[in-house]
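The structure under discussion appears below in the form of structure tokens.
Protein chains get the first letters and strands the later ones, always in sequence-line order, with residue 1 at the start of each.
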Amino acid sequence: MNTMLTEQEAIQLQEELRPKVIRTDELPAHIKLIAGVDVEYDKESDLIAGAFVLLDFNTLEVVEVATHCMQVTFPYIPGLFSFREMPVLLEAWKKLERRPDLVICDGQGIAHPRRFGLACHMGVLLDVPALGCGKTRLFGKYEELAAERGAVSPLLAEDNGEHIGNALRTQNGISPVFVSTGHKVSLDTATAMVLKMSVTYRLPETTRKADHYGREAFIAFRENQGKELL
DNA sequence: GCGACAG
DNA sequence: ATCTTGTCGC
């Protein structure tokens with residue numbers, strides 16, 4: 001049986017893993033496979049579904065999908081979000097046959113109070129280039145940015161003023177997303193990647209596809225659970 | 001003590 | 001995350 005991690009132990013683990021994060025580009029010059037991840041939650045019951053989706057970087061076609069369902073093992077605590085979502089995503093990752101050149105995470109990377117958001121956690125544990133693309137801000141201040149797609153405004157850490165991420169407008173007149181380094185990807189590359197993957201909607205196609213397949217897997221899982229009870 | 005707070 | 005109709009704006 002797994003003993004649930006305490007809040008203090010989780011923070012301790014973040015401090016231990018943080019030094020392993022690489023904030024510079026150490027990914028292939030020409031990306032072929034790009035991945036998206038997402039986790040779905042059940043409103044009642046503590047079931048969650050994690051999904052990894054691999055897309056062809058040039059055509060954006062789905063190459064592979066891997067999902068996993070299980071019960072949540074950690075509560076939602078701002079700053080410790082990765083401890084809630086990593087377990088399911090690790091299981092989904094094990095089912096993946098191919099390895100992506102870059103993973104786009106739904107959440108923050110370095111733009112985190114201890115500089116260790118979900119994208120860093122995933123990148124370090126799986127040793128894969130990863131970046132964080134959050135829908136809302138967790139940490140850091142930024143100035144308003146132009147209304148046009150492509151507009152960028154630096155996210156500066158409240159504690160030391162460090163440039164930890166970018167608020168990026170992916171569509172004209174739509175609220176920005178928050179991009180930051182996860183592991184083995186520079187902020188500039190991460191920002192360019194998110195903009196390139198956000199062709200029609202606010203969020204990158206990787207995240208949208210992962211959300212779709214995660215939802216689908218969740219429904220299928222619940223139906224099977226119901227049958228087993230008969 | 002009073003906000004802020006990824007999903 | 002999730003519960004949810006109408007509604008404000010282009």
Side-chain angles (χ1 to χ4, degrees), chain A residues 7 10-11 13-14 17-18 21 36-53 67-90 92 103-125 130-142 147-149 155-159 164-183 187 190-191 194 200-204 206-219 221-222:
Chain A
E7 190 168 339
I11 292 174
L13 193 48
Q14 290 184 324
L17 296 174
R18 175 170 55 182
V21 172
V37 297
D38 193 36
V39 175
E40 309 297 324
Y41 292 80
D42 188 1
K43 54 173 185 172
E44 58 233 14
S45 98
D46 44 4
L47 278 179
I48 57 177
F52 254 96
V53 178
T67 60
H68 189 79
C69 295
M70 61 183 266
Q71 297 198 308
V72 282
T73 56
F74 201 85
Y76 170 67
I77 300 172
L80 297 179
F81 178 55
S82 63
F83 292 91
R84 185 168 171 77
E85 300 208 334
M86 276 304 288
V88 229
L89 294 176
L90 280 175
V103 179
I104 294 184
C105 297
D106 189 24
Q108 319 295 330
I110 291 302
H112 174 283
R114 285 175 296 282
R115 312 296 192 273
F116 199 74
L118 174 65
C120 301
H121 201 152
M122 174 164 297
V124 168
L125 287 197
L131 68 85
C133 176
K135 292 185 282 293
T136 60
R137 181 202 70 92
L138 167 67
F139 188 71
K141 303 289 279 182
Y142 68 102
E148 292 71 42
R149 167 184 156 84
L155 240 197
L156 305 178
E158 284 102 318
D159 51 13
I164 53 174
N166 280 156
L168 167 69
R169 189 94 62 191
T170 54
Q171 296 299 332
N172 295 331
I174 286 195
S175 47
V177 295
F178 300 83
V179 182
S180 58
T181 289
H183 188 51
L187 177 57
T191 303
V194 170
T200 314
Y201 301 92
R202 178 163 93 111
L203 299 180
T206 41
T207 307
R208 303 189 77 254
K209 290 281 197 302
D211 180 278
H212 173 85
Y213 287 104
R215 195 154 246 126
E216 208 169 75
F218 210 168
I219 293 171
F221 182 78
R222 285 155 137 172

(message) Over all strands shown, is L80(A) touching base, sugar-phosphate only, or nothing at heavy-atom distances under 4.0 angstrom?
(response) base
(request) Could you tell me whether G79(A) contacts a base, only the sugar-phosphate backbone, or nothing, with contacts defined as non-hydrogen atoms closer than 4.0 Å? (result) base
(message) Check whether T206(A) reaches the backbone of G36(A) with its side chain - one donor and one acceptor, N or O, closer than 3.5 Å.
(response) no
(message) Any base atoms under 4.0 Å from G134(A), or only sugar-phosphate, or nothing? Heavy atoms, all strands.
(response) sugar-phosphate
(request) Measure from the side-chain N and O atoms of R169(A) to the backbone N and O of R149(A), and report whether any donor-acceptor pair falls under 3.5 Å. (result) no
Under 3.5 Å, N/O pairs linking protein and nucleotides 1-8 of chain C:
unit_1: dA1(C); atom_1: OP2; unit_2: K135(A); atom_2: NZ; d: 3.2
unit_1: dT2(C); atom_1: OP1; unit_2: R215(A); atom_2: NH2; d: 3.3

(request) Decide whether E40(A) and Y213(A) meet the rule of one side-chain donor and one side-chain acceptor closer than 3.5 Å. (result) no
(request) Flag the pair E44(A) and R222(A) as a salt bridge only when some basic side-chain nitrogen lies within less than 4.0 angstrom of an acidic carboxylate oxygen. (result) no
(message) With a 6.0 Å cut-off on the ring centroids, do H68(A) and F52(A) count as close?
(response) no
(request) Kindly indicate whether the side chain of F83(A), heavy atoms from C-beta on, has any atom under 4.5 Å from the side chain of Q14(A). (result) yes
(request) Tell me, please, the opening and closing nucleotides of DNA chain B, 5' to 3', among those with an atom under 4.0 angstrom from a non-hydrogen atom of chain A. (result) dA4(B) to dG7(B)
(message) Using a 6.0 Å distance limit plus a 45 degree cone around the ring axis, check whether R208(A) lies over the aromatic ring of Y201(A).
(response) yes
(message) Among I110(A), V103(A), V194(A), which residue satisfies the side-chain contact (heavy atoms from CB on, under 4.5 Å) criterion with L131(A)?
(response) V194(A)
